[in-house]
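One structure below.
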Amino acid sequence: MRLVVLGTDTEAGKTTLCALLLAAFPERLVYWKPLQTGLPDSDTVVRLVPSAVCYPALAAFNDPVAPVLAARREGKELPGPEEIARAVPQPPPGRILLIETFGGPLSPLTDSTLQIDFLRLLADAAFVVVTPSRVGAVGRVLQTVRAVESHGPLVRAVVLLGPRDDFAHSTLVRHLPGRAVLSVLTPEEWTPAAFEHAAGRQRATLATLLELFQPGQRLSATPARVLLPGPAERARRVSRDRAVVWHPFTMLTGPEPLEVVAGEDEFLVLADGRRVVDAIGSWWTILHGHRDPQLVAAAEATLQELDHVHFAGLTHRWAIRLAELLLGTMAWPEGGRVFFSDDGSTAVEVAVKLAYQYWCIKGKPERSEFVGFEGGYHGDTCGAMSVSRDRVFFGHFEPLLFPAHITPLCPDRLGELLRRNANRIAAIVLEPLVQGAGGMRIYTAELLQRLVAVARRYDVLVIFDEVLTGLYRTGRFWAHEHAAVVPDLLCTAKALAGGLCPVAATLVAPWVVETFRQAEPEHVFYHGHTFTAHPVACSVAEANVRRVLSEGESRVGRIERFFRQRLAPLRGRRGVRDVRILGNIAAVELDLPGGYRAGVRQTAIAVGLHHGVLLRPLGPVLYAIPPWCISDRSLEAIAASFEACVAELFD
Ligand SMILES: *Cc1c(COP(=O)(O)O)cnc(C)c1O
């Protein structure tokens with residue numbers, strides 16, 4: 001947990017605020033000022049608050065001028081944004097790291113960077129802007145907030161230091177909705193006693209800044225701009241849609257589509273003005289909420305620098321950082337790599353092709369077959385279809401698919417299959433713990449462990465398709481962490497950029513990478529997609545992953561607890577075959593014949609809309625994977641819509 005104190009300028013009162021916070025909460029905070037010039041602020045802090053714990057500066061210079069200038073005068077080099085970010089100390093558990101910045105957020109850092117270039121790497125921190133409470137405060141604060149937020153980070157609170165100024169206070173509240181605005185009195189003198197006294201008297205006010213870390217505290221999306229068409233325009237659009245657009249998984253003569261005009265938080269706004277809860281998070285992509293402010297800001301900031309560039313022989317820092325972050329989530333030793341693509345299916349195609357080529361390099365080109373599992377789903381491209389082979393989805397395409405073995409999720413059956421065919425098999429492909437499109441079928445970590453153990457026994461590669469289950473959906477960053485097993489290749493997509501834009505990745509284990517590294521030049525991996533590692537998508541994904549790592553547990557825990565309490569009682573109701581819950585995934589399987597074609601979709605959509613909820617069942621399975629920002633009220637609406645569907649179909 002990090003609290004970053006920004007000033008509207010030098011002498012804005014950053015050190016004063018830090019010292020007050022440390023005096024008020026010595027047991028909660030640890031102080032760090034990475035770059036110091038002149039009289040070190042950390043000395044001042046320790047003098048004023050003898051109990052304060054301070055980490056040493058990364059670099060300190062004698063001249064009280066901009067760090068880049070001070071460094072030049074001493075013939076030294078300043079650390080760059082990435083270097084400072086890597087040096088951020090890890091405070092003891094439960095403590096908050098208080099980071100004091102220098103100058104203003106846009107003050108120069110190195111010759112070619114600004115301080116903000118470091119700050120935006122701290123996407124999961126809470127940012128506070130401090131300014132003296134005197135004439136010009138409103139303008140100074142708004143300029144600073146806008147400048148910071150246009151680069152990505154969101155400012156959570158503003159502190160006016162000095163006697164309360166009602167005008168400044170109320171004006172800032174009006175222009176900065178959702179942020180805390182505080183007035184804090186400065187101590188009478190610069191002595192430990194005065195700081196202790198001022199901190200003690202204002203403890204409750206200062207505590208607001210620590211509460212920025214309460215789980216559940218969040219910034220809503222800025223309200224969407226909603227343009228509602230009139231009834232005639234609505235009808236015209238739908239009829240144009242039906243004339244020119246081909247929708248996925250939809251009969252050309254199927255029911256009319258619903259037009260969506262806007263999204264914010266957990267809601268979609270329909271063209272007729274209804275606001276409905278997006279219960280399935282727009283096909284499992286929307287993680288924090290629609291138009292999440294941090295992700296939108298990350299996209300906007302990147303667009304000010306670069307739009308798109310091809311990725312063969314070129315690179316960019318957004319892709320590098322995302323790759324580092326993703327590899328950091330894996331229990332692999334050093335040496336893994338990330339191959340970027342655009343969506344889940346392409347991530348799977350890459351994994352399948354890499355797995356086969358791996359065996360070619362090893363001199364075993366006969367290992368060209370794959371094993372998938374009944375109920376599995378890996379996408380709609382030919383390779384992905386081949387390894388899932390669902391009859392309803394892919395039956396027509398059978399002649400186009402390559403040979404693959406489809407077996408039940410059963411270690412004995414897999415063992416039998418591999419015993420007979422191991423020398424022809426490249427890899428097994430499976431979704432850890434939850435078979436999503438197959439009907440949100442949940443299985444145990446123990447079963448996953450046993451399946452992987454069988455594959456290992458026969459020296460077959462293991463591909464985890466975490467396109468749905470990754471990013472904390474199941475209560476861990478990756479679902480396979482529940483089973484403490486590791487794959488050779490891992491696919492991720494869907495929520496990787498929090499639903500804001502498409503991006504996918506295939507993570508490759510070090511030992512697979514090593515095989516390719518040592519291979520002859522003809523074994524270069526000839527594969528790529530036009531938009532591989534799109535910079536905007538990578539930057540959004542990076543901001544997203546950082547947040548998921550820091551917030552995932554509390555956000556998902558809350559939703560899981562709600563589902564367990566509220567939906568478990570549906571078990572045993574007439575018409576309910578099963579209730580399955582894991583992480584933020586909840587599924588209610590209805591007792592209906594017909595499998596995927598069970599005719600509940602239109603009923604569920606109608607009943608859901610009546611309850612203000614947009615549902616889209618998978619065959620007879622009603623399910624929800626809501627955005628994490630969802631309110632208790634919207635969660636309740638989802639539960640009520642499930643109950644109403646059961647009642648409608650069975651009572
Ligand atoms: C959705 C999904 C895919 C396919 O992803 P697309 O982005 O739709 O191509 C692959 N695997 C799993 C597990 C999925 O849920």
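These values consider heavy atoms only, across backbone and side chains, with no hydrogens, waters or symmetry-generated copies. Read the numbers this way: they start at 1 and go in the same order the structure lists the ligands and their atoms. Heads up: numbering here begins at 1 and tracks the sequence.
Shown here are the ring-ring contact (aromatic ring centres under 6.0 Å, His included) partners of W359, two or more places apart in sequence or in another chain: there are none. In this view, H308 and F531, H534 satisfy the ring-ring contact (aromatic ring centres under 6.0 Å, His included) rule, not counting sequence neighbours.
Contact shell of ligand 1 (protein heavy atoms, cutoff 4.0 Å): W284, D343, G344, S345, Y377, H378, G379, E431, D465, V467, L468, K494.
For H529 and H527, the gap between ring centers is short of 6.0 Å.
Residue pairs meeting the ring pair (Phe, Tyr, Trp, His ring centres under 6.0 Å) criterion with at least one member in residues 418-467, sequence neighbours excluded, are F464-H480.
In this model, no donor atom of one side chain and acceptor atom of the other lie less than 3.5 Å apart for R547 and N544.
Between the side chain of D342 and the backbone N or O of V503 there is no donor-acceptor pair closer than 3.5 Å.
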